[in-house]
Amino acid sequence: MKLHYKIALGVTFIQTLFLLFSTVFNAERFKTSIREEFASKTDSRAQLLALKISRFIEKNDIQAAITVAKKYQTGSPITYVKVVKGKNTLLDIHTTQFVPSASESEDFSEYLKKTQNESKILDAYAEIINSSGQTIAELQIGMSFYELDETISIYYRRQILFLFFQVMLMNSFVWLLSYLITRRLTRLEKACEQVGSGNLSIAFKADTSHDEIGSLSRTFQKMTLELQTALLERDSQKEKTLSASKMSSLGEMAGGIAHEINNPLTIIIGKIELIGIKVKNGSITPEQLAVELSKIHATCQRIDRIIRGLRNFSRDGEQDPFVESNIKQIFDDTLELCRARFNNLGIDLKISVDPMITAECRTVQISQIILNLLNNSIHAVENLDKKWITLEASVKENSIMIEVTDSGSGIPKHIAEKLSQPFFTTKEIGKGTGLGLSISRGIAEQHGGSLKLDTECKNTSFKLLIPKKRNMKIAA
Ligand code: ADP
(Lines give C-alpha, C1' and ligand atoms only; values in the text may rest on other atoms or scores of the structure.)
Protein backbone atom coordinates (compact mmCIF):
# COMPACT_ATOMS: atom_id res chain seq x y z
CA MET A 1 0.00 0.00 0.00
CA LYS A 2 1.33 3.46 -0.91
CA LEU A 3 2.55 5.65 1.91
CA HIS A 4 0.05 8.46 1.35
CA TYR A 5 -2.84 5.96 1.54
CA LYS A 6 -1.43 4.66 4.82
CA ILE A 7 -1.09 8.18 6.25
CA ALA A 8 -4.60 9.15 5.11
CA LEU A 9 -6.09 5.95 6.54
CA GLY A 10 -4.22 6.31 9.83
CA VAL A 11 -5.24 9.95 10.24
CA THR A 12 -8.84 9.16 9.27
CA PHE A 13 -9.01 6.36 11.81
CA ILE A 14 -7.63 8.47 14.66
CA GLN A 15 -9.70 11.46 13.65
CA THR A 16 -12.91 9.41 13.38
CA LEU A 17 -12.34 7.98 16.85
CA PHE A 18 -11.67 11.40 18.27
CA LEU A 19 -14.64 13.07 16.55
CA LEU A 20 -16.95 10.19 17.42
CA PHE A 21 -15.98 10.46 21.03
CA SER A 22 -16.45 14.26 21.08
CA THR A 23 -19.77 14.00 19.21
CA VAL A 24 -21.17 11.46 21.67
CA PHE A 25 -19.92 13.51 24.58
CA ASN A 26 -21.44 16.75 23.19
CA ALA A 27 -24.72 15.04 22.36
CA GLU A 28 -24.99 13.66 25.89
CA ARG A 29 -24.37 17.13 27.29
CA PHE A 30 -26.94 18.55 24.91
CA LYS A 31 -29.45 15.88 25.96
CA THR A 32 -28.94 16.61 29.70
CA SER A 33 -29.18 20.37 29.29
CA ILE A 34 -32.25 20.19 27.07
CA ARG A 35 -33.97 17.85 29.54
CA GLU A 36 -33.14 20.18 32.42
CA GLU A 37 -34.55 23.09 30.48
CA PHE A 38 -37.60 21.03 29.67
CA ALA A 39 -38.13 20.12 33.33
CA SER A 40 -38.02 23.75 34.42
CA LYS A 41 -40.45 24.64 31.63
CA THR A 42 -42.78 21.87 32.81
CA ASP A 43 -42.83 23.30 36.33
CA SER A 44 -43.71 26.77 34.97
CA ARG A 45 -46.48 25.29 32.83
CA ALA A 46 -47.94 23.49 35.83
CA GLN A 47 -47.93 26.69 37.84
CA LEU A 48 -49.48 28.68 35.00
CA LEU A 49 -52.24 26.11 34.45
CA ALA A 50 -52.85 25.95 38.21
CA LEU A 51 -53.36 29.71 38.17
CA LYS A 52 -55.65 29.53 35.16
CA ILE A 53 -58.00 26.91 36.59
CA SER A 54 -57.85 27.97 40.25
CA ARG A 55 -60.96 30.13 40.13
CA PHE A 56 -63.00 27.35 38.44
CA ILE A 57 -61.82 24.80 41.01
CA GLU A 58 -62.69 27.27 43.75
CA LYS A 59 -66.16 27.58 42.27
CA ASN A 60 -66.23 23.81 41.75
CA ASP A 61 -66.85 24.40 38.02
CA ILE A 62 -64.94 21.32 36.91
CA GLN A 63 -66.27 21.46 33.35
CA ALA A 64 -64.89 24.95 32.85
CA ALA A 65 -61.59 23.81 34.39
CA ILE A 66 -61.49 20.87 31.93
CA THR A 67 -62.13 23.24 28.99
CA VAL A 68 -59.29 25.54 30.07
CA ALA A 69 -56.98 22.57 30.70
CA LYS A 70 -57.76 21.01 27.31
CA LYS A 71 -57.18 24.32 25.58
CA TYR A 72 -53.93 24.68 27.40
CA GLN A 73 -52.98 21.13 26.52
CA THR A 74 -53.66 21.59 22.82
CA GLY A 75 -50.44 21.94 20.85
CA SER A 76 -48.22 21.25 23.83
CA PRO A 77 -46.69 17.94 24.85
CA ILE A 78 -48.80 17.75 28.04
CA THR A 79 -49.91 14.13 28.20
CA TYR A 80 -52.16 14.31 31.21
CA VAL A 81 -53.66 16.89 33.58
CA LYS A 82 -54.96 15.85 37.00
CA VAL A 83 -56.42 17.85 39.82
CA VAL A 84 -56.45 16.10 43.16
CA LYS A 85 -58.15 17.33 46.28
CA GLY A 86 -57.31 15.20 49.23
CA LYS A 87 -58.12 11.68 48.12
CA ASN A 88 -60.51 12.84 45.41
CA THR A 89 -59.53 13.29 41.83
CA LEU A 90 -61.48 16.30 40.60
CA LEU A 91 -60.19 16.31 37.06
CA ASP A 92 -58.32 13.78 35.00
CA ILE A 93 -57.76 14.31 31.30
CA HIS A 94 -55.18 12.78 29.10
CA THR A 95 -54.15 12.54 25.49
CA THR A 96 -52.04 10.09 23.63
CA GLN A 97 -51.16 12.64 20.98
CA PHE A 98 -47.59 13.00 22.18
CA VAL A 99 -47.14 9.38 23.22
CA PRO A 100 -46.97 7.56 19.92
CA SER A 101 -46.92 4.04 21.30
CA ALA A 102 -49.95 4.46 23.55
CA SER A 103 -53.34 3.27 22.45
CA GLU A 104 -56.60 4.76 23.58
CA SER A 105 -57.88 1.35 24.62
CA GLU A 106 -54.97 0.76 26.97
CA ASP A 107 -55.49 1.50 30.63
CA PHE A 108 -53.86 4.92 30.78
CA SER A 109 -52.79 4.64 34.41
CA GLU A 110 -50.95 1.39 33.58
CA TYR A 111 -49.44 2.99 30.57
CA LEU A 112 -48.45 6.02 32.59
CA LYS A 113 -46.60 3.91 35.15
CA LYS A 114 -44.72 2.16 32.40
CA THR A 115 -43.69 5.33 30.58
CA GLN A 116 -42.81 7.07 33.83
CA ASN A 117 -40.54 4.15 34.69
CA GLU A 118 -38.91 4.51 31.31
CA SER A 119 -38.55 8.26 31.97
CA LYS A 120 -40.61 9.00 28.89
CA ILE A 121 -42.99 11.30 30.81
CA LEU A 122 -41.94 14.01 33.19
CA ASP A 123 -44.28 14.85 36.02
CA ALA A 124 -44.71 18.31 37.55
CA TYR A 125 -46.84 19.48 40.47
CA ALA A 126 -48.37 22.86 41.36
CA GLU A 127 -50.66 23.98 44.17
CA ILE A 128 -54.07 25.42 43.27
CA ILE A 129 -54.62 28.41 45.48
CA ASN A 130 -57.98 30.15 46.00
CA SER A 131 -58.61 33.87 46.08
CA SER A 132 -57.90 34.00 49.81
CA GLY A 133 -54.49 32.42 49.31
CA GLN A 134 -55.33 28.91 50.58
CA THR A 135 -54.28 25.71 48.86
CA ILE A 136 -57.42 23.97 47.78
CA ALA A 137 -56.08 21.26 45.49
CA GLU A 138 -53.01 19.96 43.70
CA LEU A 139 -52.42 20.02 39.97
CA GLN A 140 -50.37 17.31 38.36
CA ILE A 141 -49.27 17.41 34.77
CA GLY A 142 -47.18 14.98 32.72
CA MET A 143 -45.05 16.18 29.84
CA SER A 144 -44.06 13.75 27.10
CA PHE A 145 -40.41 13.37 26.34
CA TYR A 146 -41.13 11.82 22.95
CA GLU A 147 -41.02 15.07 21.08
CA LEU A 148 -37.95 16.09 22.97
CA ASP A 149 -36.28 12.81 22.19
CA GLU A 150 -37.18 13.30 18.55
CA THR A 151 -35.39 16.67 18.66
CA ILE A 152 -32.40 15.02 20.27
CA SER A 153 -32.29 12.23 17.71
CA ILE A 154 -32.45 14.82 14.88
CA TYR A 155 -29.55 16.55 16.59
CA TYR A 156 -27.71 13.23 16.76
CA ARG A 157 -28.29 12.52 13.08
CA ARG A 158 -27.14 15.97 12.08
CA GLN A 159 -24.05 15.62 14.21
CA ILE A 160 -23.20 12.26 12.62
CA LEU A 161 -23.71 13.67 9.12
CA PHE A 162 -21.52 16.59 10.03
CA LEU A 163 -18.95 14.19 11.46
CA PHE A 164 -18.99 12.20 8.23
CA PHE A 165 -18.38 15.29 6.08
CA GLN A 166 -15.73 16.52 8.46
CA VAL A 167 -13.89 13.18 8.25
CA MET A 168 -14.21 13.07 4.47
CA LEU A 169 -12.92 16.60 4.12
CA MET A 170 -10.05 16.04 6.50
CA ASN A 171 -9.23 12.73 4.86
CA SER A 172 -9.12 14.28 1.40
CA PHE A 173 -6.92 17.05 2.69
CA VAL A 174 -4.53 14.64 4.44
CA TRP A 175 -4.50 12.41 1.34
CA LEU A 176 -3.64 15.36 -0.89
CA LEU A 177 -0.97 16.62 1.47
CA SER A 178 0.68 13.23 1.92
CA TYR A 179 0.38 12.58 -1.83
CA LEU A 180 2.25 15.81 -2.55
CA ILE A 181 4.98 14.79 -0.09
CA THR A 182 5.25 11.17 -1.17
CA ARG A 183 5.23 12.14 -4.86
CA ARG A 184 8.52 13.93 -4.27
CA LEU A 185 9.84 10.98 -2.27
CA THR A 186 8.74 8.57 -5.01
CA ARG A 187 10.74 10.58 -7.55
CA LEU A 188 13.75 10.31 -5.29
CA GLU A 189 13.13 6.62 -4.70
CA LYS A 190 13.01 5.94 -8.47
CA ALA A 191 16.27 7.82 -8.95
CA CYS A 192 17.83 5.79 -6.09
CA GLU A 193 16.67 2.58 -7.77
CA GLN A 194 18.27 3.65 -11.04
CA VAL A 195 21.52 4.56 -9.33
CA GLY A 196 21.36 1.34 -7.31
CA SER A 197 21.09 -0.66 -10.53
CA GLY A 198 24.22 1.07 -11.81
CA ASN A 199 22.66 3.71 -14.05
CA LEU A 200 24.52 6.82 -12.96
CA SER A 201 23.77 8.78 -16.09
CA ILE A 202 20.16 9.52 -15.08
CA ALA A 203 18.96 13.06 -15.67
CA PHE A 204 17.95 13.80 -12.07
CA LYS A 205 16.85 17.35 -11.32
CA ALA A 206 17.16 18.13 -7.62
CA ASP A 207 14.16 19.46 -5.71
CA THR A 208 14.60 23.20 -5.21
CA SER A 209 12.34 23.57 -2.16
CA HIS A 210 13.95 24.50 1.15
CA ASP A 211 12.50 21.69 3.23
CA GLU A 212 13.98 18.35 4.33
CA ILE A 213 13.00 16.54 1.12
CA GLY A 214 14.55 19.29 -0.97
CA SER A 215 17.76 19.05 1.03
CA LEU A 216 17.74 15.23 0.75
CA SER A 217 17.21 15.51 -2.99
CA ARG A 218 20.13 17.92 -3.40
CA THR A 219 22.37 15.71 -1.25
CA PHE A 220 21.38 12.73 -3.40
CA GLN A 221 22.24 14.63 -6.58
CA LYS A 222 25.61 15.63 -5.13
CA MET A 223 26.27 12.05 -4.05
CA THR A 224 25.41 10.73 -7.54
CA LEU A 225 27.78 13.21 -9.19
CA GLU A 226 30.56 12.28 -6.76
CA LEU A 227 29.87 8.61 -7.39
CA GLN A 228 30.11 9.22 -11.14
CA THR A 229 33.49 10.86 -10.71
CA ALA A 230 34.68 8.11 -8.37
CA LEU A 231 33.56 5.42 -10.82
CA LEU A 232 35.33 7.14 -13.70
CA GLU A 233 38.46 7.30 -11.57
CA ARG A 234 38.06 3.66 -10.59
CA ASP A 235 37.66 2.63 -14.25
CA SER A 236 40.76 4.51 -15.26
CA GLN A 237 42.61 2.99 -12.27
CA LYS A 238 41.37 -0.45 -13.29
CA GLU A 239 42.66 0.07 -16.81
CA LYS A 240 46.04 1.13 -15.45
CA THR A 241 46.15 -1.90 -13.13
CA LEU A 242 45.19 -4.24 -15.93
CA SER A 243 47.83 -2.81 -18.14
CA ALA A 244 50.40 -3.00 -15.30
CA SER A 245 49.63 -6.66 -14.80
CA LYS A 246 49.89 -7.34 -18.52
CA MET A 247 53.13 -5.52 -18.76
CA SER A 248 54.41 -7.54 -15.82
CA SER A 249 53.48 -10.81 -17.59
CA LEU A 250 55.09 -9.54 -20.75
CA GLY A 251 58.14 -8.42 -18.80
CA GLU A 252 58.60 -11.93 -17.48
CA MET A 253 58.32 -13.23 -21.04
CA ALA A 254 60.55 -10.57 -22.57
CA GLY A 255 63.80 -12.54 -22.31
CA GLY A 256 62.20 -15.62 -23.84
CA ILE A 257 60.51 -13.65 -26.59
CA ALA A 258 63.77 -11.88 -27.53
CA HIS A 259 65.46 -15.26 -27.70
CA GLU A 260 62.53 -16.67 -29.65
CA ILE A 261 62.86 -13.95 -32.29
CA ASN A 262 66.62 -13.75 -32.22
CA ASN A 263 67.17 -17.44 -32.99
CA PRO A 264 65.20 -17.56 -36.24
CA LEU A 265 66.65 -14.20 -37.24
CA THR A 266 70.19 -15.60 -36.83
CA ILE A 267 69.12 -18.63 -38.88
CA ILE A 268 67.66 -16.38 -41.60
CA ILE A 269 70.73 -14.15 -41.74
CA GLY A 270 73.05 -17.21 -41.86
CA LYS A 271 70.97 -18.86 -44.54
CA ILE A 272 70.80 -15.73 -46.69
CA GLU A 273 74.57 -15.28 -46.44
CA LEU A 274 75.12 -18.93 -47.39
CA ILE A 275 72.69 -18.70 -50.29
CA GLY A 276 74.48 -15.55 -51.48
CA ILE A 277 77.83 -17.38 -51.49
CA LYS A 278 76.33 -20.45 -53.20
CA VAL A 279 74.63 -18.34 -55.84
CA LYS A 280 77.94 -16.57 -56.55
CA ASN A 281 79.72 -19.94 -56.84
CA GLY A 282 76.90 -21.37 -58.87
CA SER A 283 76.88 -24.30 -56.42
CA ILE A 284 73.14 -24.23 -55.76
CA THR A 285 70.46 -25.62 -58.00
CA PRO A 286 67.10 -23.81 -58.38
CA GLU A 287 65.42 -26.72 -56.52
CA GLN A 288 67.84 -26.41 -53.59
CA LEU A 289 67.30 -22.63 -53.63
CA ALA A 290 63.52 -23.12 -53.47
CA VAL A 291 63.88 -25.43 -50.46
CA GLU A 292 66.12 -22.96 -48.62
CA LEU A 293 63.80 -20.06 -49.42
CA SER A 294 60.76 -21.98 -48.15
CA LYS A 295 62.70 -22.64 -44.89
CA ILE A 296 63.40 -18.90 -44.58
CA HIS A 297 59.74 -18.20 -45.32
CA ALA A 298 58.57 -20.59 -42.60
CA THR A 299 60.98 -19.00 -40.10
CA CYS A 300 59.74 -15.52 -41.04
CA GLN A 301 56.18 -16.69 -40.52
CA ARG A 302 57.12 -17.88 -37.06
CA ILE A 303 58.54 -14.44 -36.20
CA ASP A 304 55.38 -12.87 -37.64
CA ARG A 305 53.21 -15.07 -35.42
CA ILE A 306 55.17 -14.11 -32.31
CA ILE A 307 54.96 -10.40 -33.11
CA ARG A 308 51.23 -10.63 -33.88
CA GLY A 309 50.71 -12.53 -30.65
CA LEU A 310 52.55 -9.84 -28.73
CA ARG A 311 50.59 -7.07 -30.41
CA ASN A 312 47.37 -8.90 -29.74
CA PHE A 313 48.22 -9.54 -26.12
CA SER A 314 49.17 -5.95 -25.35
CA ARG A 315 45.82 -4.78 -26.73
CA ASP A 316 42.98 -4.08 -24.27
CA GLY A 317 40.58 -6.96 -24.74
CA GLU A 318 37.90 -5.64 -22.42
CA GLN A 319 35.88 -4.05 -25.20
CA ASP A 320 36.27 -7.04 -27.54
CA PRO A 321 33.12 -8.86 -28.56
CA PHE A 322 32.52 -12.41 -27.34
CA VAL A 323 33.26 -14.65 -30.31
CA GLU A 324 33.18 -18.38 -30.86
CA SER A 325 36.90 -19.25 -30.45
CA ASN A 326 38.90 -22.42 -30.82
CA ILE A 327 40.57 -23.27 -27.51
CA LYS A 328 43.56 -25.00 -29.17
CA GLN A 329 44.18 -21.84 -31.19
CA ILE A 330 44.16 -19.78 -27.99
CA PHE A 331 46.65 -22.23 -26.43
CA ASP A 332 48.93 -22.02 -29.50
CA ASP A 333 48.83 -18.22 -29.64
CA THR A 334 49.59 -17.95 -25.92
CA LEU A 335 52.37 -20.52 -26.00
CA GLU A 336 53.96 -18.69 -28.89
CA LEU A 337 54.83 -16.03 -26.30
CA CYS A 338 56.46 -18.34 -23.76
CA ARG A 339 57.61 -21.54 -25.40
CA ALA A 340 61.22 -20.34 -25.40
CA ARG A 341 61.11 -19.86 -21.64
CA PHE A 342 60.08 -23.47 -21.15
CA ASN A 343 62.98 -24.58 -23.31
CA ASN A 344 65.49 -22.30 -21.64
CA LEU A 345 64.50 -23.45 -18.12
CA GLY A 346 64.18 -27.10 -19.12
CA ILE A 347 60.52 -27.29 -18.09
CA ASP A 348 58.58 -30.14 -19.60
CA LEU A 349 55.33 -28.75 -21.05
CA LYS A 350 52.48 -31.14 -21.82
CA ILE A 351 49.43 -29.92 -23.69
CA SER A 352 46.19 -31.80 -23.92
CA VAL A 353 43.35 -30.24 -25.89
CA ASP A 354 40.74 -31.52 -28.31
CA PRO A 355 41.28 -29.35 -31.45
CA MET A 356 37.52 -29.14 -31.94
CA ILE A 357 36.45 -27.55 -28.67
CA THR A 358 35.31 -23.97 -28.78
CA ALA A 359 33.88 -21.36 -26.41
CA GLU A 360 32.23 -18.00 -26.87
CA CYS A 361 34.78 -15.70 -25.25
CA ARG A 362 37.16 -12.77 -25.52
CA THR A 363 40.28 -14.55 -26.76
CA VAL A 364 42.77 -11.89 -25.64
CA GLN A 365 41.42 -12.04 -22.09
CA ILE A 366 41.43 -15.85 -21.91
CA SER A 367 44.95 -15.80 -23.30
CA GLN A 368 45.93 -13.35 -20.56
CA ILE A 369 44.62 -15.71 -17.85
CA ILE A 370 46.50 -18.69 -19.33
CA LEU A 371 49.72 -16.70 -19.69
CA ASN A 372 49.43 -15.51 -16.10
CA LEU A 373 48.83 -19.05 -14.79
CA LEU A 374 51.74 -20.38 -16.87
CA ASN A 375 54.01 -17.58 -15.61
CA ASN A 376 53.15 -18.43 -12.01
CA SER A 377 53.77 -22.12 -12.65
CA ILE A 378 57.11 -21.44 -14.35
CA HIS A 379 58.10 -19.33 -11.36
CA ALA A 380 57.01 -22.08 -8.96
CA VAL A 381 58.86 -24.97 -10.68
CA GLU A 382 61.97 -23.35 -12.18
CA ASN A 383 64.12 -24.33 -9.21
CA LEU A 384 62.58 -27.76 -8.60
CA ASP A 385 64.20 -31.07 -9.56
CA LYS A 386 61.10 -32.24 -11.36
CA LYS A 387 59.91 -29.44 -13.63
CA TRP A 388 56.75 -30.04 -15.54
CA ILE A 389 53.63 -28.09 -16.39
CA THR A 390 50.48 -29.39 -18.03
CA LEU A 391 47.94 -27.28 -19.90
CA GLU A 392 44.66 -29.10 -20.50
CA ALA A 393 41.23 -28.25 -21.81
CA SER A 394 38.14 -30.42 -21.55
CA VAL A 395 34.37 -30.13 -21.85
CA LYS A 396 32.38 -30.20 -18.60
CA GLU A 397 28.66 -30.25 -19.38
CA ASN A 398 27.96 -26.79 -20.84
CA SER A 399 31.36 -25.35 -19.87
CA ILE A 400 34.98 -25.56 -20.89
CA MET A 401 37.50 -26.37 -18.18
CA ILE A 402 41.07 -25.15 -18.69
CA GLU A 403 43.56 -26.54 -16.17
CA VAL A 404 47.11 -25.42 -15.55
CA THR A 405 48.93 -27.86 -13.28
CA ASP A 406 52.59 -27.78 -12.26
CA SER A 407 54.96 -30.09 -10.45
CA GLY A 408 54.84 -27.89 -7.32
CA SER A 409 53.33 -29.44 -4.23
CA GLY A 410 50.33 -27.13 -3.84
CA ILE A 411 49.96 -23.77 -2.13
CA PRO A 412 50.09 -23.63 1.69
CA LYS A 413 46.74 -22.84 3.30
CA HIS A 414 47.81 -19.49 4.76
CA ILE A 415 48.89 -18.31 1.28
CA ALA A 416 45.91 -19.89 -0.53
CA GLU A 417 43.55 -17.92 1.73
CA LYS A 418 45.06 -14.66 0.48
CA LEU A 419 45.10 -15.46 -3.24
CA SER A 420 41.90 -13.51 -3.88
CA GLN A 421 43.40 -10.33 -2.41
CA PRO A 422 44.71 -7.90 -5.02
CA PHE A 423 48.40 -7.03 -4.60
CA PHE A 424 49.11 -10.19 -2.62
CA THR A 425 52.39 -11.64 -3.82
CA THR A 426 55.15 -13.85 -2.44
CA LYS A 427 57.46 -12.94 -5.28
CA GLU A 428 60.34 -10.61 -4.69
CA ILE A 429 59.97 -6.91 -5.49
CA GLY A 430 60.06 -6.26 -9.21
CA LYS A 431 58.96 -9.79 -10.08
CA GLY A 432 55.39 -9.88 -8.95
CA THR A 433 52.54 -7.37 -8.79
CA GLY A 434 50.09 -9.56 -6.91
CA LEU A 435 47.45 -8.67 -9.47
CA GLY A 436 47.58 -11.60 -11.86
CA LEU A 437 45.15 -13.90 -10.06
CA SER A 438 42.66 -11.21 -9.02
CA ILE A 439 42.51 -9.78 -12.54
CA SER A 440 42.24 -13.29 -13.99
CA ARG A 441 39.40 -14.09 -11.58
CA GLY A 442 37.65 -10.84 -12.61
CA ILE A 443 37.93 -11.80 -16.30
CA ALA A 444 36.60 -15.31 -15.58
CA GLU A 445 33.60 -13.80 -13.78
CA GLN A 446 32.97 -11.37 -16.67
CA HIS A 447 32.73 -14.50 -18.80
CA GLY A 448 30.17 -15.96 -16.39
CA GLY A 449 32.76 -18.46 -15.17
CA SER A 450 35.24 -18.97 -12.33
CA LEU A 451 38.91 -19.42 -11.55
CA LYS A 452 39.77 -21.61 -8.58
CA LEU A 453 42.76 -23.28 -6.99
CA ASP A 454 42.18 -27.04 -6.95
CA THR A 455 42.78 -27.86 -3.31
CA GLU A 456 42.23 -31.60 -3.91
CA CYS A 457 45.20 -31.87 -6.28
CA LYS A 458 48.50 -33.06 -4.76
CA ASN A 459 50.38 -30.75 -7.14
CA THR A 460 49.51 -27.12 -7.81
CA SER A 461 46.55 -26.79 -10.12
CA PHE A 462 44.32 -23.88 -11.13
CA LYS A 463 41.00 -24.54 -12.87
CA LEU A 464 39.39 -21.99 -15.16
CA LEU A 465 35.76 -22.69 -16.01
CA ILE A 466 33.94 -20.70 -18.71
CA PRO A 467 30.56 -21.37 -20.31
CA LYS A 468 30.57 -22.68 -23.87
CA LYS A 469 27.99 -20.08 -24.84
CA ARG A 470 27.66 -16.58 -23.43
CA ASN A 471 24.16 -17.03 -21.95
CA MET A 472 24.78 -20.48 -20.46
CA LYS A 473 25.21 -21.01 -16.75
CA ILE A 474 28.25 -23.02 -15.68
CA ALA A 475 27.56 -26.24 -13.74
CA ALA A 476 28.26 -25.74 -10.02
P1 ADP B 1 52.06 -12.38 -8.77
O2 ADP B 1 52.30 -13.52 -9.71
O3 ADP B 1 52.38 -11.07 -9.34
O4 ADP B 1 52.63 -12.60 -7.42
P5 ADP B 1 49.42 -13.47 -8.75
O6 ADP B 1 48.12 -12.88 -8.31
O7 ADP B 1 49.45 -14.06 -10.09
O8 ADP B 1 50.46 -12.32 -8.56
O9 ADP B 1 49.84 -14.58 -7.70
C10 ADP B 1 49.76 -14.31 -6.34
C11 ADP B 1 50.55 -15.31 -5.52
O12 ADP B 1 49.93 -16.59 -5.65
C13 ADP B 1 51.94 -15.54 -5.99
O14 ADP B 1 52.84 -14.54 -5.50
C15 ADP B 1 52.25 -16.90 -5.40
O16 ADP B 1 52.56 -16.81 -4.03
C17 ADP B 1 50.90 -17.60 -5.48
N18 ADP B 1 50.84 -18.51 -6.64
C19 ADP B 1 50.17 -18.33 -7.77
N20 ADP B 1 50.32 -19.39 -8.61
C21 ADP B 1 51.12 -20.26 -7.98
C22 ADP B 1 51.67 -21.55 -8.31
N23 ADP B 1 51.42 -22.16 -9.46
N24 ADP B 1 52.44 -22.15 -7.38
C25 ADP B 1 52.74 -21.57 -6.21
N26 ADP B 1 52.24 -20.37 -5.82
C27 ADP B 1 51.46 -19.72 -6.71
Side-chain angles (χ1 to χ4, degrees), residues 237-257 313-314 316-318 330-331 334-335 337-339 341-342 344-352 362 364-393 401-447 449-466:
Q237 204 55 44
K238 201 173 130 199
E239 259 171 45
K240 279 184 199 154
T241 312
L242 201 71
S243 141
S245 151
K246 256 188 198 176
M247 288 311 134
S248 154
S249 301
L250 280 178
E252 288 194 36
M253 298 294 162
I257 293 164
F313 187 78
S314 55
D316 178 13
E318 207 175 343
I330 296 178
F331 280 9
T334 313
L335 289 168
L337 298 170
C338 57
R339 210 182 290 273
R341 238 178 129 210
F342 283 98
N344 292 347
L345 294 166
I347 300 169
D348 185 14
L349 173 68
K350 283 199 183 74
I351 298 154
S352 160
R362 288 177 177 147
V364 174
Q365 288 194 319
I366 299 299
S367 176
Q368 193 188 347
I369 300 179
I370 298 169
L371 191 64
N372 181 59
L373 294 176
L374 288 176
N375 260 340
N376 281 345
S377 287
I378 292 172
H379 191 268
V381 300
E382 62 186 342
N383 295 321
L384 298 182
D385 293 337
K386 279 189 184 165
K387 304 172 201 179
W388 55 260
I389 294 174
T390 60
L391 174 61
E392 294 163 86
M401 164 116 73
I402 297 173
E403 284 172 82
V404 176
T405 310
D406 62 54
S407 53
S409 49
I411 298 180
K413 207 170 165 238
H414 69 279
I415 292 181
E417 278 166 1
K418 294 180 186 162
L419 290 186
S420 56
Q421 294 174 8
F423 303 106
F424 171 77
T425 181
T426 55
K427 295 177 189 168
E428 63 238 54
I429 299 168
K431 283 220 162 176
T433 58
L435 291 170
L437 285 179
S438 47
I439 289 175
S440 299
R441 192 168 296 113
I443 295 174
E445 281 163 11
Q446 277 174 24
H447 278 73
S450 66
L451 173 66
K452 284 178 186 152
L453 171 74
D454 181 0
T455 47
E456 308 282 294
C457 181
K458 63 178 177 25
N459 296 103
T460 313
S461 179
F462 281 88
K463 286 185 163 60
L464 167 69
L465 211 59
I466 51 165

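Since the model is a prediction, treat every value here as computed from it, not as a measurement. For ligands, and for the atoms within them, numbers begin at 1 and follow the listed sequence.
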Any side-chain heavy-atom pair from [X] and [Y] closer than 4.5 angstrom?
X: Phe462; Y: Ile402; answer: no
X: Asn375; Y: Arg341; answer: yes
X: Leu384; Y: Asp406; answer: no
X: Leu391; Y: Thr334; answer: no

Please could you name the atoms of ligand 1 that [X] approaches to less than 4.0 Å, counting only its heavy atoms?
X: Leu437; value: 5 (P), 6 (O), 7 (O), 9 (O), 12 (O), 19 (C)
X: Thr460; value: 22 (C), 23 (N), 24 (N)
X: Gly436; value: 5 (P), 6 (O), 7 (O), 8 (O)
X: Asn372; value: 7 (O)
X: Ile411; value: 18 (N), 21 (C), 25 (C), 26 (N), 27 (C)

Among pairs that include at least one residue of residues 407-423, which meet salt bridge (Lys or Arg N to Asp or Glu O under 4.0 Å), considering only residues two or more places apart or in two chains? Lys413-Glu417
What heavy-atom pair brings Asn372 and Gly436 nearest, and what distance separates the two atoms? ND2-C, 3.2 Å
Where do Ser407 and Val381 come nearest, in terms of heavy atoms and distance? OG-CG1, 3.2 Å
Can Asp348 and Lys350 be said to form a side-chain contact (heavy atoms from CB on, under 4.5 Å), step by step? CA-CA 7 Å; Asp348 185 14; Lys350 283 199 183 74; 3.3 Å; yes
How does [X] reach ligand 1, by side chain, by backbone, by both or by neither, if only non-hydrogen atoms under 4.0 Å count?
X: Thr426; value: both
X: Leu373; value: neither
X: Asn375; value: neither

Going by the closest heavy atom to atom 2 (O) of ligand 1, which one wins out of Lys427, His379, Lys418? Lys427
Heavy-atom distance to atom 24 (N) of ligand 1: which of Ser377, Ala380, Ser438, Gly408 wins? Ala380
Below 3.5 angstrom, do we get any N/O pair linking Leu419 and ligand 1? no
Less than 3.5 Å between some nitrogen or oxygen of Thr425 and one of ligand 1, yes or no? yes
